[in-house]
Amino acid sequence: MHRVLFSAIALAAASIVNASFSTQEQDAVMAYWAAPGRYTVTAPPNVEKTGPWQVRLTSQGSLWLWNYNRARGLGKVAPTQDAKAQTAGQRAWDRWIEAKVEADRWQAALGAANANEKALGR
């Protein structure tokens, strides 16, 4: 599973690589993250209580939001910060995007709850 996730991350990274990095530098970074044991997937710490299934943003969704923020001139936004809209049009889009993300999270939470019910047997 982590190889698939690594491949998705690598593809996302490849789409945003700055031309200032040489092929040799890019290869070195890819080799670093491809090393055995470099990246591991583990269950959440409270898996026995809450179950293994949790709602998370997909790598595709994260990349889409990053590209959206970059397109509106916000550059890199820390994951702990909200990218603030700069125009009325952006505020309207932000409301729509937030509603869509919340609806998607709600649906994913229902799926996770059902899967956790089966996994935990309760």
Side-chain angles (χ1 to χ4, degrees):
M1 176 171 153
H2 69 277
R3 287 208 184 273
V4 172
L5 181 58
F6 175 75
S7 296
I9 292 169
L11 285 173
S15 70
I16 59 174
V17 168
N18 189 322
S20 64
F21 293 104
S22 71
T23 301
Q24 184 179 12
E25 290 168 324
Q26 292 175 36
D27 290 345
V29 170
M30 295 301 284
Y32 175 84
W33 286 108
R38 179 72 63 197
Y39 183 83
T40 58
V41 177
T42 61
N46 56 353
V47 69
E48 292 161 0
K49 182 178 178 185
T50 61
W53 300 97
Q54 297 184 357
V55 177
R56 295 287 185 266
L57 189 62
T58 65
S59 57
Q60 295 91 345
S62 180
L63 180 60
W64 188 93
L65 290 170
W66 185 86
N67 283 326
Y68 173 66
N69 287 328
R70 191 174 73 163
R72 7 184 238 176
L74 296 176
K76 188 173 184 177
V77 178
T80 56
Q81 285 185 305
D82 284 335
K84 300 295 180 199
Q86 298 172 329
T87 67
Q90 288 177 0
R91 284 189 287 281
W93 272 110
D94 280 359
R95 285 191 297 275
W96 184 90
I97 291 167
E98 288 168 11
K100 176 67 172 141
V101 168
E102 287 304 313
D104 289 351
R105 284 186 185 275
W106 180 77
Q107 283 188 319
L110 289 177
N114 288 335
N116 284 329
E117 225 176 82
K118 291 177 185 172
L120 297 173
R122 56 178 185 226

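Below, each value reflects all heavy atoms present in this structure, side chains not excepted, and no hydrogens, waters or symmetry copies. What you see is a predicted model, and the numbers here were worked out from it, not measured in a lab.
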**Report entry** Same apolar cluster: Val101 and Tyr68, side chain cutoff 4.5 Å
**Finding:** yes
Query - Arg38 side-chain N/O to Tyr32 backbone N/O, donor-acceptor pair under 3.5 Å - result: yes
Query raised in the report: Would you call the rings of Trp93 and Trp96 parallel, tilted or perpendicular, where under 30° means parallel and over 60° means perpendicular?
Result: perpendicular
Query raised in the report: Where do Gln107 and Arg105 land on the side chain to side chain donor-acceptor pair (under 3.5 Å) test, with the steps shown first?
Result: CA-CA 5 Å; Gln107 283 188 319; Arg105 284 186 185 275; over 6 Å; no
Query raised in the report: Taking Glu25 for the side chain and Ser22 for the main chain, is one N or O donor matched with an acceptor at less than 3.5 Å?
Result: yes
Query raised in the report: For the side chain of Ser62 and the backbone of Thr58, is there at least one donor-acceptor N/O pair under 3.5 Å apart?
Result: no
Requested in this report: Could you tell me the separation between the CD atom of Gln26 and the CZ atom of Phe21, rounded to the nearest 0.5 Å?
Outcome: 8.0 Å
Query raised in the report: Linking I/L/V/M/F/W/Y whenever their side-chain heavy atoms sit closer than 4.5 Å, directly or via other members, would Ile97 and Leu57 fall into one cluster?
Result: yes
Report task. Write down the atom of Arg122, the atom of Glu48, and the distance for their closest heavy-atom approach. Result -> NH2-O, 3.4 Å
Query raised in the report: For Trp64, does the CH2 atom sit with more than 12 other heavy atoms under 6.0 Å from it, leaving out its own atoms?
Result: yes
Report summary line: Closest heavy-atom pair, Gln54 versus Ala112, reported as atoms and distance to 0.1 Å, is N-CB, 4.4 Å
Query raised in the report: Within a strict 4.5 Å, meaning less than it, do heavy atoms of the Pro52 and Asn116 side chains meet?
Result: yes
